[in-house]
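Worksheet for the structure shown next.
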There are 2 protein chains.
Amino acid sequence: MSELKPGRSFVSAQQVAELAGVSRSAVSRTFTDGASVSETTRKKVLEAAETLGYHVNHLARSLIHEDSGIVCLIGADINTPYHSRLIDAITRRLQAINRVAMVINTSGDTDSVEAALRQTLNYRANATVVLSGTPPTSLINTCLNSGQHVILINRDDHLDGPENISVDNAAAAREAFHMLHRAGSRRIAVVSSQAGTPSLVARERAFETAAGEAGLDVTITRAGPTGYGAGFEAGRLLLSGSHRPDAAFCVTDLLACGFMDAARVEFGMNVPEELCVVGFDDIEQAGWASYQLTTFRQPIVQVADHITMLLDGEDPLRQRGGSVSFHADPVWRRTVRPK
Amino acid sequence: MSELKPGRSFVSAQQVAELAGVSRSAVSRTFTDGASVSETTRKKVLEAAETLGYHVNHLARSLIHEDSGIVCLIGADINTPYHSRLIDAITRRLQAINRVAMVINTSGDTDSVEAALRQTLNYRANATVVLSGTPPTSLINTCLNSGQHVILINRDDHLDGPENISVDNAAAAREAFHMLHRAGSRRIAVVSSQAGTPSLVARERAFETAAGEAGLDVTITRAGPTGYGAGFEAGRLLLSGSHRPDAAFCVTDLLACGFMDAARVEFGMNVPEELCVVGFDDIEQAGWASYQLTTFRQPIVQVADHITMLLDGEDPLRQRGGSVSFHADPVWRRTVRPK
DNA sequence: GGGCTGCTTGCACAAATGTGCAAGGACTGA
DNA sequence: TCAGTCCTTGCACATTTGTGCAAGCAGCCC
C-alpha cells in the first residue's frame with residue numbers, strides 16, 4: 001500500500017487504483033479513449049479519482065505516445081499589437097484541438113533564440129511555430145533533424161524542410177501603390193524600420209518596383225528599430241525638408257500611427273488632404289477615431305486556422321515543406337483621398 | 001544494440017551511450033549539474049550527443065523531480081496592450097531562470113477556464129499565474145489541493161491559499177481624484193466597463209469615496225464590455241447632454257483613449273482646456289503624441305520580478321498565502337491642466 | 001451441461017530519465 | 001609495495017503512464 005500524502009504532491013494512478021479496489025491498468029483505461037472498461041469499474045475509478053483529485057500526468061503519457069500535445073510559439077516583440085493578436089488567435093484554436101501553447105520569447109539577447117529552440121526540443125514539442133524574427137537556418141535544421149514539425153510564418157525565404165505560411169506582401173504593396181497613385185500622389189515616401197524582417201523588406205521592394213514601373217522614384221526611410229517611435233522620427237525627418245512628400249506607405253500600422261502623429265502634431269498637416277497614408281497589419285489602433293487608417297488586413301484568422309489544420313491532420317507530416325500564402329485585403333478608411 | 005533512426009524521431013540517452021561507448025548513467029550524469037563524471041567521458045558523451053543531436057527529455061526528467069520547469073500563465077484578453085506587456089515581461093524573466101511559460105487563453109466560453117486549469121494540472125506545472133479574469137474559487141482550490149503553487153495577480157479579494165500580487169488601486173484612484181480636484185474640476189465622470197474585474201471595481205469605489213469626502217458626487221458609466229469602444233461610447237453618452245462633465249477618470253487607458261477620441265472627434269472639445277482626463281495602466285498608446293495621457297503606471301516590472309523571486313526561492317512554498325502590493329506611480333503628461 | 005464467443009482484467013513490459021550503492025581503479029603516503 | 005582514500009562507473013531500481021497478452025468469467029446456443 002503506497003503512502004497517501006493528502007495535502008501536498010500530485011496523486012498518481014496507483015493511489016486511485018488502491019482506493020477504488022481495482023488494478024492500476026483499470027485506472028489507466030478509464031482515462032484512455034476507446035479502451036475497454038466495464039461501466040461499474042469506470043464508475044468506481046471516477047469516484048475515487050474525484051475524491052483524491054487525480055489528474056492524468058501528461059508528461060508520463062507523452063513518454064509513450066510521440067504526441068506531447070505541446071506546441072511551441074517562438075517569437076520576439078510579442079507585446080506588439082499584431083503579434084499579441086496572432087498569439088491570441090493561435091492559442092485559442094490550439095486549445096480547441098486539445099493542444100497547449102508554450103510561448104518562448106526571443107526578445108533581448110541573440111543567444112536566447114538558441115536556448116529557446118532547445119526548450120522546444122527538451123519538451124518534445126509537437127511542433128514549433130516561428131512567429132517572426134530571423135532565427136538562424138541552422139537552428140531550424142536542428143529541429144527538423146529531430147523530427148520536429150516546424151512552421152514558419154511570414155518568412156519569405158522559402159526553405160525546404162519547414163512549412164511556410166506567408167502573406168502576399170508583394171501583391172498588397174503593389175495594391176498600396178496603386179491606391180496612392182490613383183489618389184493623385186506623386187511624391188511618395190516609404191516608411192520602414194531597421195528591423196529588416198523579411199516581410200518588411202518584401203513590402204519595401206514590391207512597392208519600389210511598382211513605383212518604378214509607373215515612372216516614380218521613392219525613398220525608403222528607416223528611422224529607428226521598430227514601431228511608433230520610428231514612424232514619428234521618420235515623419236519629422238521627411239516633413240521638415242522643403243520637398244515634402246504628399247503620401248507615405250508605412251510598412252506597418254505602428255509606423256503609420258507615428259508618422260501621422262508627427263505630421264499633425266509637429267507640422268499641423270491635414271490627413272488626407274495634404275498627406276495620404278497607407279499602413280499594413282490592420283491593428284486595433286488603425287480603427288481608432290484619431291487615425292482611421294487605410295491599411296491592409298493581416299489574415300490572422302486564416303493563418304491560425306491553417307496552423308491547426310496542419311496539426312490536426314491525421315498525418316501531420318504528410319505535406320512537409322508545403323507553402324501557403326494568404327491575401328491581405330485592403331481596409332478602406334480615411335487616410336487616402338477618395339477617387 | 002538499439003536501432004538508430006537517424007532522420008526521424010528523437011534521440012535517447014541510450015543511443016548516445018552506445019555511440020560514446022559508455023553506460024547510459026554516464027550520459028545522464030553528463031547532463032546533470034553537480035554529478036560526478038570524469039573529464040574524458042564527459043567529452044566523449046558531449047561529442048556523441050552533438051553528433052546525434054541529443055536533447056534531454058524534460059518530460060521524463062520531470063517524472064523524477066517534482067519540478068517540471070513549466071509555469072502556466074492563464075488569462076483572458078491577452079491581446080490587450082496591458083496584458084501582452086505583462087506576458088512579455090513574465091515570459092522573459094521566466095526564461096532567465098530556466099522556466100518556460102505555458103500560456104492558456106481563457107477568452108470565450110466560460111467552460112474553457114475549467115479546461116485550462118485542468119491542463120495546468122495535467123502538465124504538472126510548477127506554478128499557475130492567474131493574470132486576470134475571475135476564475136471560480138473552487139478551481140483555484142483544486143490547484144491548491146494538488147500541491148500547486150497559485151499566484152493571483154490583481155485580484156483584490158485576498159484568498160487564503162494562493163499568493164496575491166496586487167496593485168494599490170485604491171491609493172492610485174484617490175490620487176487621481178486629487179489630481180483632478182486640484183486642477184479645478186468639479187463635475188467628474190468615472191468611465192468604466194462592464195467587465196467587472198476586481199481591480200476595476202476597486203478603482204471605481206476608491207475614486208467615488210474620495211470624491212464623496214470632498215463633497216462631490218460622481219456618476220459611473222459602464223458603456224460596453226471593455227476597451228476603446230466602451231470608452232468612446234461613454235464619451236458619446238456623457239458629452240451629448242447639457243450638463244457636461246469637465247473631467248473624467250477612466251479606469252483603463254484604453255477607455256481613456258476612446259473617451260478622448262469621442263470628445264475631440266464627435267464634439268470638437270479641447271483636452272485639457274475643456275476636459276481633463278486621467279487613465280490607468282500607462283499602455284504604450286498613452287504616450288503617443290495624439291493622446292499624451294496622464295495616467296498611472298502599472299508596476300509590470302516589479303510584478304514580473306516578484307513572480308520569479310517567488311519561483312526561484314529555495315523553498316517556493318515557504319510564504320504561502322502571502323500578499324504583496326505595489327504602488328502605481330502617476331505619469332504626468334498633458335491631459336490634466338497644470339496647477 | 002458443454003462448448004464457444006466476447007468482454008473485462010491483471011500482469012508484465014515499455015517509454016526516458018535520475019540516483020543510491022557497491023565495486024573498481026588510480027593515486028598517495030609510509 | 002601495501003594500505004588507505006577518493007573519484008568514477010555501471011547496475012539496478014525509481015518516477016508515471018499505456019498496452020499486448022493471456023487468463024478469467026459471464027452469457028448464449030445447442
Side-chain angles (χ1 to χ4, degrees), chain A residues 2-5 8-18 20-45 48-49 52-70 121-125 146-147, chain B residues 2-5 8-45 48-49 52-70 121-126 146-147:
Chain A
S2 74
E3 179 182 13
L4 290 181
K5 311 169 197 166
R8 293 269 316 102
S9 162
F10 284 97
V11 176
S12 75
Q14 181 65 34
Q15 298 173 15
V16 177
E18 282 163 9
V22 297
S23 77
R24 197 187 51 73
S25 305
V27 178
S28 177
R29 284 189 243 267
T30 301
F31 292 101
T32 306
D33 283 346
S36 165
V37 208
S38 73
E39 203 49 45
T40 60
T41 53
R42 161 182 231 91
K43 208 166 214 164
K44 280 192 292 185
V45 168
L52 295 177
Y54 172 71
H55 296 268
V56 180
N57 188 336
H58 276 30
L59 304 177
R61 182 178 267 182
S62 302
L63 274 187
I64 298 171
H65 308 308
E66 62 263 31
D67 183 359
S68 67
I70 298 174
L121 296 168
N122 283 337
Y123 283 100
R124 299 301 191 254
S146 303
Chain B
S2 75
E3 179 182 13
L4 291 181
K5 310 169 195 166
R8 295 268 316 97
S9 163
F10 283 96
V11 173
S12 76
Q14 182 64 36
Q15 299 173 15
V16 176
E18 283 163 10
L19 179 61
V22 297
S23 78
R24 195 187 54 72
S25 305
V27 178
S28 177
R29 283 190 244 265
T30 301
F31 291 100
T32 305
D33 282 346
S36 164
V37 209
S38 73
E39 202 49 46
T40 61
T41 54
R42 165 185 228 88
K43 210 167 215 167
K44 282 192 291 183
V45 168
L52 294 176
Y54 171 71
H55 296 268
V56 180
N57 189 335
H58 275 32
L59 305 176
R61 183 177 266 183
S62 303
L63 277 186
I64 297 172
H65 308 307
E66 62 261 32
D67 182 359
S68 68
I70 298 173
L121 297 168
N122 283 336
Y123 283 99
R124 300 301 192 252
N126 221 304
S146 302

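Note that these values count all heavy atoms, side chains included, but never hydrogens, waters or copies made by symmetry. Proteins get letters first, then strands, A, B, ... in listed order; numbering begins at 1 in each.
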Query raised in the report: What nucleotide, of C:dA16, D:dG10, C:dG10, holds the atom closest to the side chain of B:Ser25?
Result: D:dG10
Requested in this report: Side chain of A:Ala60 only, please: which of D:dT16, C:dG10, D:dG18 is the nearest?
Outcome: D:dT16
Query raised in the report: Is it true that a side-chain atom of B:Thr30 and a backbone atom of B:Arg42 form a donor plus acceptor pair closer than 3.5 Å?
Result: no
Please give, in whole Å, the distance from [N] [atom2] to [X] [atom1]?
X	N	atom1	atom2	answer
A:Asp67	C:dA15	CG	P	18 Å
A:Gln14	C:dA12	CD	C1'	14 Å
B:Leu63	D:dT17	CG	C1'	8 Å
A:Leu121	C:dA16	CG	P	15 Å
B:Asn57	C:dG18	CG	P	9 Å
A:His55	D:dT16	NE2	P	15 Å
A:Leu52	D:dT16	CG	C1'	16 Å
B:Leu59	D:dG18	CG	C1'	15 Å

Which atom pairs, one a donor and one an acceptor, fall under 3.5 Å between side chains of residues 55-64 of chain B and the rest of the protein, sequence neighbours left out?
{"from": "B:Asn57", "atom 1": "OD1", "to": "B:Leu59", "atom 2": "N", "distance (Å)": "2.9"}
{"from": "B:Asn57", "atom 1": "OD1", "to": "B:Ala60", "atom 2": "N", "distance (Å)": "3.4"}
{"from": "B:Arg61", "atom 1": "NH2", "to": "B:Phe31", "atom 2": "O", "distance (Å)": "3.0"}
{"from": "B:Ser62", "atom 1": "OG", "to": "B:His58", "atom 2": "O", "distance (Å)": "2.6"}

Query raised in the report: Under the side-chain contact (heavy atoms from CB on, under 4.5 Å) criterion, do A:Gln14 and A:Glu18 qualify, and how do the steps go?
Result: CA-CA 6 Å; A:Gln14 181 65 34; A:Glu18 282 163 9; 3.0 Å; yes
Query raised in the report: What is the distance from atom CD of B:Gln15 to atom OH of B:Tyr54, rounded to the nearest 0.5 Å?
Result: 10.0 Å
Report task. Please report the C-alpha distance between B:Ser28 and B:Ser25 in whole Å, then the side-chain angles of each, then the deciding distance to 0.1 Å, and finally whether the side-chain hydrogen bond (donor to acceptor under 3.5 Å, both in side chains) criterion is met. Result -> CA-CA 5 Å; B:Ser28 177; B:Ser25 305; over 6 Å; no
Requested in this report: Step by step, work out the side-chain contact (heavy atoms from CB on, under 4.5 Å) result for B:Asn126 and B:Ile70.
Outcome: CA-CA 5 Å; B:Asn126 221 304; B:Ile70 298 173; 5.7 Å; no
Report summary line: Under a 4.0 Å heavy-atom cutoff, the residues of residues 29-45 of chain B touching DNA chain D are B:Arg29, B:Ser36, B:Val37, B:Ser38, B:Thr41
Report task. Could you tell me which non-hydrogen atom of B:Ala125 sits nearest to which non-hydrogen atom of B:Ser68, and how far apart they are? Result -> CA-OG, 3.8 Å
Query raised in the report: Does a side-chain N or O from B:Ser28 land closer than 4.0 Å to OP1 or OP2 of C:dG18, or not?
Result: yes
Query raised in the report: Does D:dT17 have OP1 or OP2 sitting under 4.0 Å from an N or O in the side chain of A:Tyr54?
Result: yes
Query raised in the report: When all nucleic acid strands are considered with a 4.0 Å heavy-atom cut-off, which category describes A:His65: base, sugar-phosphate, or nothing?
Result: sugar-phosphate
**Report entry** 5' precedence on DNA chain D between B:Val22 and B:Arg124 (nearest-nucleotide basis)
**Finding:** B:Val22
